[in-house]
A.B. asks: 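The structure is given below, and queries will be raised subsequently.
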Amino acid sequence: MARVVVDVMLKPEILDPQGQAVQRALPRLGFDGISDVRQGKRFELEIDGPVDDAALDRVRKLAETFLANTVIEDFTVKVES
Amino acid sequence: MARVVVDVMLKPEILDPQGQAVQRALPRLGFDGISDVRQGKRFELEIDGPVDDAALDRVRKLAETFLANTVIEDFTVKVES
Amino acid sequence: MLPSSGGQPPNPRTLDTVKHANETPGTEQPWAELGLKQDEYERIREILGRRPTGAELAMYSVMWSEHCSYKSSKVHLRQFGEKAPDNDALLVGIGENAGVVDVGQGYAVTFKVESHNHPSYIEPYQGAATGVGGIVRDILAMGARPVAVMDPLRFGAADHPDTKRVLPGVVAGIGGYGNCLGLPNIGGEVVFDPCYQGNPLVNALCVGVMKHEDIHLAKASGAGNKVILYGARTGGDGIGGVSVLASETFDSTGPSRRPAVQVGDPFQEKLLIECTLEIFREDLVTGIQDLGGAGLSCATSELASAGSGGMRVELDTVPLRDSSLSPEEILMSESQERMCAIVEPGKVDRFLEICEKWDVIATVIGEVTDGDRLEIFWHGDQIVDVPPRTVAHEGPVYQRPYERPSWQDELQADDAGRLPRPGTPEELREQVLKVVASPNQASKSWVTDQYDRFVQGNTVLAQPEDSGMVRVDEETGLGVAVATDGNGRYAKLDPYAGAQLALAESYRNVAAAGATPLAISNCLNFGSPEDPAVMWQFAEATRGLADGCLALGTPVTGGNVSLYNQTGETAIHPTPVVAVLGVIDDVARRTPIGFASEGHLLYLLGDTREELGGSAWSQVIHDHLGGLPPRVDLEREKLLAEILVSASRDGMVDAAHDLSDGGLVQALVESSLRGGKGARVVVPDGLDPFVFLFSESAGRAVVAVPRSEEVRFTDMCGARGLPAARIGVVDGASLEIQGQFSLPLSELRRAHEETIPALLA
Amino acid sequence: MTARPSPTSTLDGGPAGRGNTRIGVVTFPGSLDDRDTQRAIRRAGAEPVALWHRDKDLKQVDAVVLPGGFSYGDYLRAGAISRFSPVMETLIDQARAGLPVLGICNGFQVLTEAHLLPGAMLGNNHLHFICREQKLRVENAETAWTADYTAGQEIHIPLKNMDGRYVADERTLDMLEAEGRVAFRYLGMNPNGSLRDIAGITNEAGNVVGLMPHPEHAVEPGIGTGGTDGLGFFTSILKKLVNL
Ligand SMILES: Nc1ncnc2c1ncn2[C@@H]1O[C@H](COP(=O)(O)OP(=O)(O)O)[C@@H](O)[C@H]1O
Ligand SMILES: [Mg+2]
């Protein structure tokens with residue numbers, strides 16, 4: 001069994017209220033030197049069987065049609081070592 | 001400027017209904033072979049200045065006190081290449 | 001003040017200044033891509049006496065889009081003004097962000113319903129969420145504190161797989177945004193019909209309350225006054241989104257054609273509300289406008305157009321989220337959660353201070369001038385120089401051809417009265433169960449439980465009551481009630497009558513709760529205006545609504561038109577949604593729908609005829625749509641409403657429920673389940689039990705009358721000429737139709753409440 | 001009582017109530033039920049005092065309520081950002097020293113994030129916002145905020161939240177049970193997947209109490225769910241403070 005990770009982030013041009021809220025709170029917490037924060041989702045999928053190209057293609061398809069809404073979000077798929 | 005990523009996931013013993021909902025939807029979408037799904041958060045922080053040990057320590061502190069609630073969540077910090 | 005980041009310094013080679021436009025009259029311009037027609041482009045050139053600059057072209061194109069200019073609907077909407085009933089209650093009429101109604105005791109109420117149909121199909125959550133955000137800012141801009149929202153919704157077939165994607169997203173979006181703003185959701189609709197498959201209707205309504213003296217208008221006056229943009233930074237999302245998206249037939253095929261949808265930030269909007277209310281309280285603005293469709297193009301041109309002078313704007317001072325935006329993009333961006341205010345110079349500091357208190361970014365971006373032009377500059381270079389009225393209020397007006405469709409006669413001839421009816425009491429019982437369990441008639445609590453209906457602590461009635469009601473004054477108990485209704489099936493059979501039936505039902509719902517109907521708002525959802533058949537439906541519906549409002553004495557205070565709701569050649573059912581606002585002197589006197597007191601007598605008010613065209617029964621049992629909708633009698637509706645309001649005021653009724661889709665049996669089931677008490681009902685002599693239970697004759701309600709009030713109540717109905725038939729008594733734990741069947745409430749509850757969760761689980 | 005819904009009337013606390021017991025209500029950016037809570041306090045006969053998140057000053061109030069809402073949009077986690085506001089710095093110290101504090105809904109979430117109460121709040125297990133009339137059992141009628149109830153009493157008050165699932169590790173849960181610190185339990189149905197049906201808890205001293213349902217929305221007949229089962233929270237604290 002292997003783990004594939006899908007990261008879903010809002011597209012750069014789309015407002016990210018969550019990331020902004022975190023960023024605005026940083027100075028109050030005494031953290032400076034962080035110029036931007038964006039918050040997204042991380043999905044950890046446990047895959048039965050080999051993680052070959054076909055399997056990754058299927059995960060990519062899943063990300064595109066279901067995990068992310070590509071109107072507003074980008075995603076990346078990677079195998080976790 | 002460099003990017004540091006903080007991944008925050010629910011501890012394994014905590015129920016993750018979001019991940020479960022994704023998993024339950026998979027057969028309907030025609031995806032099988034995925035035995036478990038967990039959903040967490042991904043924070044992308046843009047750091048001014050060098051990402052040295054000191055900077056990473058500060059991010060770790062931020063994650064521990066703020067980005068994650070360690071009563072229920074685990075986190076990892078990594079520099080993105 | 002918070003820092004404002006201007007855009008990029010000008011690139012002299014690409015910046016299309018007014019000067020440059022004058023020098024290069026022959027430059028090719030992308031007017032067609034921006035949705036303008038050849039003659040519209042020519043007219044812009046004529047107005048300006050030269051070719052428009054890129055920024056001017058951007059402004060005209062969004063402001064002259066169907067969504068912003070109402071170019072196809074304007075000629076019909078005029079009737080709402082021309083046929084307006086005399087009504088002292090109307091303080092601000094059509095044309096402002098929302099109409100304002102006097103509700104007494106120094107209070108004024110503003111309300112409006114708007115559509116966010118197209119974005120909600122592409123991105124259900126954000127599309128619906130930003131729909132709520134937009135209507136709330138309209139209400140806020142009038143000077144009011146928003147106090148409640150409602151959401152009339154329509155989706156494709158309940159069991160269609162795409163409904164499973166769209167509905168939960170829309171509902172979560174409306175809840176996610178409205179709940180986060182602290183606005184109770186007090187009502188709405190959930191309707192399923194295959195005609196909405198590729199075109200769900202997401203309409204959103206907001207109600208606001210203010211004192212008369214707090215009314216604010218969207219106009220810029222007083223040369224030297226400052227123009228302040230405040231709220232969220234401007235980003236590249238939703239450029240031309242709503243306006244362009246909602247202005248042509250939507251083609252859902254290619255992902256490449258998907259235009260950007262905005263992401264809403266309800267937290268920012270909540271801050272904007274509190275900040276703006278504090279600014280009103282200190283009387284710091286002379287004019288104010290929200291930013292919605294067409295963004296800054298709309299706000300600046302409308303403010304300037306409605307005001308007395310001109311306006312000068314330094315566009316590079318606009319705080320941006322993305323510093324690479326071009327001036328055209330800044331003008332067209334539909335970034336959410338922004339407002340624009342006109343402020344006297346002496347009040348600017350205090351204004352900015354209040355914004356700072358609420359962590360709201362505020363920037364002086366320009367000032368009112370004594371000229372008559374809207375002038376916009378980019379790092380010192382002039383890029384816009386236009387007469388603002390030509391952008392905002394004098395857009396194109398079309399007399400679109402319309403024609404009664406050829407199939408209308410055939411549709412109306414296909415009478416639902418000819419459909420096979422239940423032959424035995426057993427069959428009747430089965431059909432009752434089937435109808436109350438059908439998606440359209442089933443309980444919507446799966447949806448409405450996702451909305452906060454208690455926040456603000458003034459909610460008197462909310463779903464599943466006939467109308468939503470909120471208290472306005474804690475001391476006197478003054479309150480307002482709102483209901484929204486629409487029935488696309490009726491409107492398809494006869495758009496004129498359909499619009500009046502929507503009006504009548506909403507009016508009746510408000511009265512059933514004990515409130516006196518005062519005024520209306522509406523959202524007209526139709527297909528493409530370029531189709532003469534659709535245009536005929538639109539013309540008929542507006543005529544019906546205007547005539548109906550005149551007859552009922554309830555003026556139209558405002559509303560919204562959503563056209564191009566169609567997939568390919570197929571338009572949705574014509575769907576006029578009508579919201580009626582009513583007032584009640586003391587909310588303690590409100591009438592709920594639930595049968596709660598054993599022994600109270602049930603009276604059916606109004607006349608029951610055999611009217612099954614467009615009915616829930618014909619849809620559920622026979623999947624049929626044909627014939628004529630129920631007959632409209634607005635004088636009767638008025639009388640019924642008066643009786644319902646008097647009965648509530650004088651404590652003669654304990655419960656009241658209007659009759660609409662599903663007929664009497666639907667009302668009996670809902671009232672029994674709501675109050676937890678059954679009913680024993682007798683079919684009046686001479687009435688067919690099936691017709692008695694399922695006919696959808698308008699102008700009816702069922703009421704529960706305490707025995708002690710029976711004589712007083714029937715005397716009142718008799719004296720005023722309203723038919724009132726005693727049909728039974730509140731009793732037991734079943735719904736029993738004597739001589740026909742008996743249905744335990746537990747069985748009815750299962751049938752009524754399990755449908756929607758099962759479909760969406 | 002002032003009546004107009006104009007925003008001024010209650011945000012400054014309004015005119016003094018009958019008693020001179022002063023109960024603070026904190027407004028964070030995104031607080032929603034602050035004005036309703038002030039109304040409930042007034043109905044109980046005490047004087048509500050508006051507290052602002054940016055002020056460390058608690059204005060010498062006798063008790064504090066952290067109201068419901070979506071402070072900071074609940075964007076990171078419910079209550080996570082508010083917990084670091086200036087007002088909380090003072091509040092955390094004073095609560096540890098015995099100041100009565102009630103956290104309702106978002107306020108409860110803030111109290112767990114601030115570690116004034118153990119455990120954490122997570123998204124409802126069904127993933128939806130839920131708004132309903134909820135039946136609760138008052139398990140502990142000895143806290144500062146529940147003395148007007150009797151142990152075992154069943155009450156109905158509105159529940160409305162997105163992140164209402166109470167979780168803590170088994171050891172903490174066992175400790176809470178053993179020490180009688182489960183103050184309220186859901187009855188009828190568990191609306192969000194909270195462990196052991198926990199609707200609210202108290203700290204060891206009984207001065208800090210948090211719960212998800214909304215007592216401030218059940219204080220007037222005919223409004224909201226129509227009942228007045230929630231008023232006891234506010235009369236409890238009033239009595240306690242008057243009898244000190
Ligand atoms: N989307 C919705 N949002 C809020 N309330 C809704 C929604 N849909 C239906 N409701 C409420 O459910 C109840 C029943 O709806 P409906 O049967 O359409 O009412 P009616 O036929 O009396 O107009 C009403 O109180 C209505 O306001
Ligand atoms: Mg009704």
Side-chain angles (χ1 to χ4, degrees), chain A residues 1-10 12 16 18-52 54-68 73-78 80-81, chain B residues 1-10 12 16 18-52 54-68 73-78 80-81:
Chain A
M1 224 169 52
R3 173 174 298 173
V4 176
V5 174
V6 180
D7 288 321
V8 177
M9 302 295 293
L10 284 168
D16 172 15
Q18 309 202 1
Q20 283 197 352
V22 170
Q23 195 188 342
R24 273 196 238 117
L26 295 179
R28 209 157 10 94
L29 297 170
F31 290 91
D32 47 14
I34 297 179
S35 62
D36 190 32
V37 180
R38 293 193 64 87
Q39 179 177 337
K41 296 178 203 159
R42 174 185 167 91
F43 296 91
E44 297 183 352
L45 314 178
E46 307 297 333
I47 309 276
D48 304 332
V51 182
D52 48 19
L56 280 179
D57 270 352
R58 282 171 46 242
V59 172
R60 249 175 242 121
K61 183 103 188 84
L62 174 69
E64 191 177 329
T65 52
F66 187 60
L67 300 180
E73 294 168 325
D74 292 327
F75 65 88
T76 58
V77 173
K78 50 181 186 276
E80 199 161 87
S81 37
Chain B
M1 224 167 55
R3 172 175 297 173
V4 176
V5 173
V6 179
D7 287 323
V8 176
M9 301 296 293
L10 283 172
D16 171 18
Q18 289 190 311
Q20 287 192 348
V22 171
Q23 198 185 340
R24 268 198 311 269
L26 295 178
R28 188 163 33 93
L29 298 166
F31 292 92
D32 47 13
I34 297 178
S35 60
D36 190 32
V37 180
R38 292 190 68 83
Q39 179 175 338
K41 297 176 200 162
R42 172 185 169 90
F43 298 90
E44 297 182 352
L45 314 178
E46 305 297 333
I47 309 277
D48 304 332
V51 183
D52 48 17
L56 280 178
D57 270 353
R58 282 171 49 241
V59 172
R60 247 175 243 119
K61 183 106 187 79
L62 175 68
E64 191 176 332
T65 53
F66 185 54
L67 298 180
E73 294 167 325
D74 293 326
F75 65 89
T76 58
V77 172
K78 50 179 186 277
E80 198 162 88
S81 39

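Order of the sequence lines fixes the chain letters, A, B, ..., with proteins taken first and strands second; residue numbering starts at 1 for each chain. All values reported here derive from a predicted model rather than from experimental measurement.
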A.B. asks: A quick test of your reading: do over 12 heavy atoms of other residues, nucleotides or ligands sit less than 6.0 Å from NZ of Lys61(A)?
C.D. replies: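 Counting other residues, nucleotides and ligands, NZ of Lys61(A) stays at 12 neighbours or fewer.
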
A.B. asks: Relative to chain B, which segment of Ile47(A) carries a heavy atom at a distance below 4.5 Å: side chain, backbone, both, or neither?
C.D. replies: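 Contact with chain B is through both the backbone and side chain of Ile47(A).
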
A.B. asks: Select one option (side chain, backbone, both, neither) describing which atoms of Phe43(B) are under 4.5 Å from chain A's heavy atoms.
C.D. replies: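 Phe43(B) touches chain A through backbone and side-chain heavy atoms alike.
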
A.B. asks: Nearest 0.5 Å please: distance from the CD1 atom of Ile34(A) over to the CZ atom of Arg58(B).
C.D. replies: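 Rounded to the nearest 0.5 Å, the CD1-CZ separation comes out at 6.5 Å.
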
A.B. asks: Which one of Gly40(A), Ala25(A), Gly19(A) has the most heavy-atom pairs closer than 4.5 Å to chain B?
C.D. replies: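 Among the listed options, the one with the most contacts to chain B is Gly40(A).
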
A.B. asks: What residue in Leu45(B), Val6(B), Asp7(B) has the most heavy-atom pairs under 4.5 Å with chain A?
C.D. replies: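 When all of Leu45(B), Val6(B), Asp7(B) are compared, Asp7(B) has the most.
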
A.B. asks: Heavy-atom pairs under 4.5 Å with chain B - which of Val22(A), Asp36(A), Asp32(A) has more of them than the others?
C.D. replies: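 The answer is Asp36(A).
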
A.B. asks: For chain A, which candidate among Leu62(B), Thr65(B), Leu26(B) shows the most heavy-atom pairs at distances under 4.5 Å?
C.D. replies: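 The residue among Leu62(B), Thr65(B), Leu26(B) with the greatest pair count is Leu62(B).
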
